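Bear in mind that the values here come from a model prediction, so they are computed numbers and not experimental data.
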Amino acid sequence: MEIRHLIITGRVQGVCYRASMTQEAQRLGVTGWVRNRHDGSVEAMIAGAPEAVAAQIAWSRSGPPAARVEQVAVEPGEGEYIGFTQLPTA
């Protein structure tokens, strides 16, 4: 089990990034959460098999078609998650 905390910057709000990330996480079998941040970035915590987490991070670097990702900061994360959810803006 691998857990990573992501901060995604660029044009990532108002482009269905969270909904698309949720769909991709469900497809990959990744658990965790995603939310918008007041600074315009998107934050996520993802957990799962190392190859699934790596695939989710790779997806995060481009996101949905309307997104323009500038950077994905990846750090170790923690926690236990069931499913993948969208949280309120923080």
Side chains of [X] and [Y] in contact at under 4.5 Å (non-hydrogen atoms):
X     : Y     : result
Arg61 : Val74 : yes
Trp33 : Gln86 : no
Ile57 : Arg4  : yes
Ile3  : Ile46 : no
Val34 : Leu87 : no

So, for [X] and [Y], which heavy atoms are closest and what is the spacing to 0.1 Å?
X     : Y     : answer
Ala25 : Gln56 : CA-OE1, 3.0 Å
Ala67 : Tyr17 : CB-CD1, 4.0 Å
Leu6  : Ser60 : CD1-OG, 3.7 Å
Pro50 : Glu2  : CB-OE1, 3.6 Å
Met45 : Phe84 : O-CE1, 3.9 Å
Val69 : Ile8  : CG1-CG2, 3.9 Å

Can you tell me how far apart [atom1] ([X]) and [atom2] ([Y]) are? Round to the nearest 0.5 Å.
X     : Y     : atom1 : atom2 : answer
Gln71 : Thr9  : CD    : OG1   : 5.0 Å
Gln23 : Cys16 : CD    : SG    : 9.0 Å
Thr31 : Glu80 : OG1   : CD    : 9.5 Å

> For Pro65, does its backbone N or O pair with a side-chain atom of Arg68 as donor and acceptor, under 3.5 Å?
Replying inline: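 Yes, Arg68 side chain to Pro65 backbone: donor-acceptor pair under 3.5 Å.
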> Under 3.5 Å, side chain of Arg37 to main-chain N/O of Thr89, donor-acceptor pair present?
Replying inline: no
> Have Glu43 and His5 got a donor and an acceptor in their side chains that come within less than 3.5 Å?
Replying inline: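 Per modelled atom types, Glu43 and His5 side chains form a pair under 3.5 Å.
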> In the single-linkage hydrophobic clustering (I, L, V, M, F, W, Y; side-chain heavy atoms under 4.5 Å), do Val15 and Met21 co-cluster?
Replying inline: yes
